[in-house]
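Please read the structure below before turning to the comments.
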Amino acid sequence: EVQFVESGGGLVQAGGSLRLSCAASGFTFDDYAIGWFRQAPGKEREGVSCISISDGSTYYADSVKGRFTISSDNAKNTVYLQMNSLKPEDTAVYYCAAVFWTFATTATVFEAPAYDYWGQGTQVTVSS
């Protein structure tokens, strides 16, 4: 069974930091790119960041560039999203997801329908 164990969400003040973790199992980790998406109430799910496990390529949405950093610990099959300088508009449920590496391109890494596997989501709330 494909599973993601997500952790690190919570409540922080604006300007603060959180680190989200996504531990994956049940598939060949090295064959996938792992992305982070978020969805706020009443809004569409949007791509935040993505990392290709095989070559280390990273991608960031313009809204988080310079504030968020994605990384991986391949021995632990885990991807992290370090979130700094958080803003109230970052408040959302954050999801990690996996897409087979051949389908992970600059045109698809922020497109939710491209992804094969999804985690359950973790709530991030940023107060002002």
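For the single chain, residues carry numbers from 1 onward in sequence order.
- Applying the disulfide (SG to SG under 2.5 Å) definition to pairs two or more places apart or across chains, those involving residues 64-128 are C22-C96.
- The two residues G8 and L18 make their nearest non-hydrogen contact at O-CD2, 3.6 Å.
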In residues 69-76, what donor-acceptor pairs under 3.5 Å come from side-chain atoms, sequence neighbours left out?
unit_1 : atom_1 : unit_2 : atom_2 : d
S72    : OG     : N74    : OD1    : 2.9
D73    : OD1    : A75    : N      : 3.3

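- A ring pair (Phe, Tyr, Trp, His ring centres under 6.0 Å) check over residues 45-91, counting only residues at least two apart or in different chains, returns nothing.
- Around atom CD of E44, no more than 12 heavy atoms belonging to other residues, nucleotides or ligands sit under 6.0 Å away.
- Among residues at least two apart or in separate chains, there is no side chain to side chain donor-acceptor pair (under 3.5 Å) pair with a member in residues 20-34.
- Taking CD of E6 as the reference point, atom CG of L81 lies at 11.0 Å (rounded to 0.5 Å).
- Among residues two or more places apart in sequence or in another chain, the salt bridge (charged side-chain N to carboxylate O under 4.0 Å, His left out) test is passed with D55 by none.
- In terms of heavy atoms, V64 sits closest to V48 at CG2-O, 3.6 Å.
- Distance CH2/W101 to CD1/I34: 15.0 Å, rounded to 0.5 Å.
- Listed by first and then second residue, the disulfide (SG to SG under 2.5 Å) pairs that reach into residues 23-69 come to none, sequence neighbours excluded.
- Qualifying side chain to side chain donor-acceptor pair (under 3.5 Å) partners for D90, counting only residues two or more places apart in sequence or in other chains: R38, R67.
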As a quick check of understanding, evaluate side-chain contact (heavy atoms from CB on, under 4.5 Å) for V124 and M83, giving each step before the final call. CA-CA 10 Å; V124 171; M83 305 187 295; 3.9 Å; yes
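- Qualifying side chain to side chain donor-acceptor pair (under 3.5 Å) partners for S54, counting only residues two or more places apart in sequence or in other chains: S52.
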Verify side-chain contact (heavy atoms from CB on, under 4.5 Å) between V99 and T108, making sure each step is shown before the conclusion. CA-CA 9 Å; V99 56; T108 61; 5.8 Å; no
Derivation and outcome, side-chain contact (heavy atoms from CB on, under 4.5 Å), residues V79 and W36: CA-CA 9 Å; V79 170; W36 287 97; 3.7 Å; yes
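- Among residues two or more places apart in sequence or in another chain, the side chain to side chain donor-acceptor pair (under 3.5 Å) test is passed with S127 by none.
- Summarising the geometry of T91 relative to V126, their closest heavy-atom pair is OG1-N, 2.9 Å, with the distance given to 0.1 Å.
- Nearest heavy atom pair, residue P88 against residue A14, reads CD-CB, 4.1 Å.
- Inter-residue side-chain proximity for V5 and T78 is flagged as unmet; no heavy-atom pair is nearer than 4.5 Å.
- A pairwise comparison of heavy atoms in S17 and S85 identifies OG-N, 4.4 Å as the closest pair.
- With sequence neighbours excluded, the residues satisfying side chain to side chain donor-acceptor pair (under 3.5 Å) with Q82 are N84.
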Side-chain donor/acceptor pairs under 3.5 Å, residues 112-120, sequence neighbours excluded:
unit_1 : atom_1 : unit_2 : atom_2 : d
Y115   : OH     : V109   : O      : 2.6
D116   : OD2    : F100   : N      : 3.2

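- Legend: residues meeting salt bridge (charged side-chain N to carboxylate O under 4.0 Å, His left out) with K43, ordered by chain and number and at least two apart, are absent.
- Scanning both residues, Y95 and Q39, for their nearest heavy atoms gives CE1-CB, 4.3 Å.
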